[in-house]
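In what follows, a structure is listed as structure tokens, so that the remarks can point back to it.
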Amino acid sequence: MLITHAITRIPGNDFAQGITTANLGPPVYQKMLVQHQKYVDVLDDLNIQVTILDPLPGFPDAYFMEDVAVMLPEVAVITRPGALSRRGETSAIEPTLQQFRPILRIEPPGTLDGGDVLFVGTHCFIGLSERTNQDGAEQLGNIVNQFRFTSSFVPVASGLHLKSSVNCIGENTLLLNQAYARFVAFQDYDLIVLEPKEEAALNTLWINNHLITPAGYPRAAEKLATLEIPIIELDISEAQKMDGGLSCMSLRFTMSTEPTNQGGNDQ
Ligand code: CIR
């Protein structure tokens, strides 16, 4: 499926106050802005029309757009983020989403972060994590089922979100860690497994027949090269210091009316 649109938000100068468990040193705002702009430039180069929102004061994690909504071909589902400090981000994204899709919502007591939602073709894997609870996962499962997607739940035992540890990087190919490589749920796919010291590269994006991967993981880059599609490496050191990766910094979707066999905001 061709991704035609993305929504990003410029990180605010309070971004270092966001939630983080990473121990990678203090993040630098100017560097963050430069890296974020390069990320937007890459989407632009892939012919994606990027809507760039202003920083959201008081919400230092708000540039991690992926967590606040799940895009289906017919609707946008506004999530209910698991972290209390991020709940208010959802009302801020609503006017922008309304320009593209009718809105549905995850309702209390459900919680759900978009980082826990992985589309592979017409299947939607939903991670049960510290951010996404059973009720939120069931609500999203019911919604995607109404729009022709199947769904299943996957426990998230390590990493922040499901997509910290497994991503779809080809029509039938998953990039995952050693623990998920043993999961029954993933055995129907071609698997590329990364070793623990390169797990940060698991959050690689497959967009418009390109792979966008974080810079600095040579073994991962070698394995990705076997897929023989163009690879773009991006330095995202400052987002990584805030527990972020490539997928979280945009909400990606298609406005194409051509029939597709894929959906959701991830391919
Ligand atoms: C958080 O803890 O919510 C942010 N500091 C990082 C969110 C990263 N989002 C993602 O991986 N989808």
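From a predicted model like this one, the values you see are computed outputs, not experimental measurements. Ligands are counted one by one from 1 in listed order, and the atoms in each one are counted from 1 as well.
- Interface atoms of ligand 1 facing Arg131, defined by a heavy-atom separation under 4.0 Å, are 1 (C), 2 (O), 3 (O).
- The CE atom of Met242 sits 8.5 Å away from atom CD1 of Ile19, with the distance rounded to the nearest 0.5 Å.
- Polar contact check, Asp61 against ligand 1: a nitrogen or oxygen pair lies under 3.5 Å apart.
- Summarising the geometry of Leu128 relative to Phe153, their closest heavy-atom pair is CD1-CB, 3.9 Å, with the distance given to 0.1 Å.
- The protein heavy-atom contact nearest to atom 9 (N) of ligand 1 is Asp67 OD2, 2.8 Å.
- Thr8 and His36 share no donor-acceptor pair across their side chains, judged by distance under 3.5 Å alone.
- Taking any N or O of Glu66, backbone or side chain, at least one lies under 3.5 Å from an N or O belonging to ligand 1.
- Atoms of ligand 1 found under 4.0 Å from any heavy atom of His161 (numbered from 1 in listed order, with element): 9 (N), 10 (C), 11 (O), 12 (N).
- Side-chain contact between Ile143 and Phe149 is absent, with no heavy-atom pair separated by less than 4.5 Å.
- Here the protein heavy atom with the shortest distance to atom 5 (N) of ligand 1 is Ile19 O, 2.7 Å.
- Of all the atoms in ligand 1, the ones that sit under 4.0 Å from a non-hydrogen atom of Phe64 are 4 (C), 5 (N), 6 (C), 7 (C).
- Few gaps surround CD on Gln187; more than 12 heavy atoms of other groups in view lie less than 6.0 Å from it.
- In terms of heavy atoms, Ile212 sits closest to Leu246 at O-CD1, 3.3 Å.
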- Task: Kindly indicate, with the supporting measurements, whether the criterion side-chain contact (heavy atoms from CB on, under 4.5 Å) is fulfilled by Tyr180 and Leu174.
- Result: CA-CA 10 Å; Tyr180 276 147; Leu174 300 181; over 6 Å; no
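- Not a single N or O atom of Gly244, backbone or side chain, sits closer than 3.5 Å to an N or O atom of ligand 1.
- Inclusion of Met242 in the set of residues having an N or O under 3.5 Å from an N or O of ligand 1 is warranted.
- Thr20 does not count as a contact of ligand 1, since none of its heavy atoms falls under 4.0 Å from the ligand.
- Within the structure, ligand 1 lacks Lys163 among the residues with a heavy atom less than 4.0 angstrom away.
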Donor-acceptor pairs under 3.5 angstrom involving side-chain atoms of residues 69-95: please list them, not counting sequence neighbours.
{"residue": "Glu74", "atom": "OE2", "partner": "Arg148", "partner atom": "NH1", "Å": "2.9"}
{"residue": "Glu74", "atom": "OE2", "partner": "Arg148", "partner atom": "NH2", "Å": "3.0"}
{"residue": "Thr79", "atom": "OG1", "partner": "Asp67", "partner atom": "O", "Å": "2.8"}
{"residue": "Thr79", "atom": "OG1", "partner": "Val68", "partner atom": "O", "Å": "3.3"}
{"residue": "Thr79", "atom": "OG1", "partner": "Leu112", "partner atom": "O", "Å": "3.4"}
{"residue": "Arg80", "atom": "NH1", "partner": "Gly110", "partner atom": "O", "Å": "2.9"}
{"residue": "Arg86", "atom": "NE", "partner": "Glu89", "partner atom": "OE1", "Å": "3.4"}
{"residue": "Arg86", "atom": "NE", "partner": "Glu89", "partner atom": "OE2", "Å": "2.8"}
{"residue": "Arg86", "atom": "NH1", "partner": "Asp67", "partner atom": "OD2", "Å": "2.8"}
{"residue": "Arg86", "atom": "NH2", "partner": "Asp61", "partner atom": "O", "Å": "3.1"}
{"residue": "Arg86", "atom": "NH2", "partner": "Phe64", "partner atom": "O", "Å": "3.0"}
{"residue": "Arg86", "atom": "NH2", "partner": "Glu89", "partner atom": "OE1", "Å": "3.0"}
{"residue": "Arg87", "atom": "NE", "partner": "Pro81", "partner atom": "O", "Å": "2.7"}
{"residue": "Arg87", "atom": "NH2", "partner": "Pro81", "partner atom": "O", "Å": "3.3"}
{"residue": "Thr90", "atom": "OG1", "partner": "Arg87", "partner atom": "O", "Å": "2.9"}
{"residue": "Ser91", "atom": "OG", "partner": "Gly88", "partner atom": "O", "Å": "3.3"}
{"residue": "Glu94", "atom": "OE1", "partner": "Arg105", "partner atom": "NH2", "Å": "2.7"}
{"residue": "Glu94", "atom": "OE2", "partner": "Arg105", "partner atom": "NH2", "Å": "2.5"}

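- Of the N or O atoms in Asp243, none lie within a sub-3.5 Å distance of an N or O in ligand 1.
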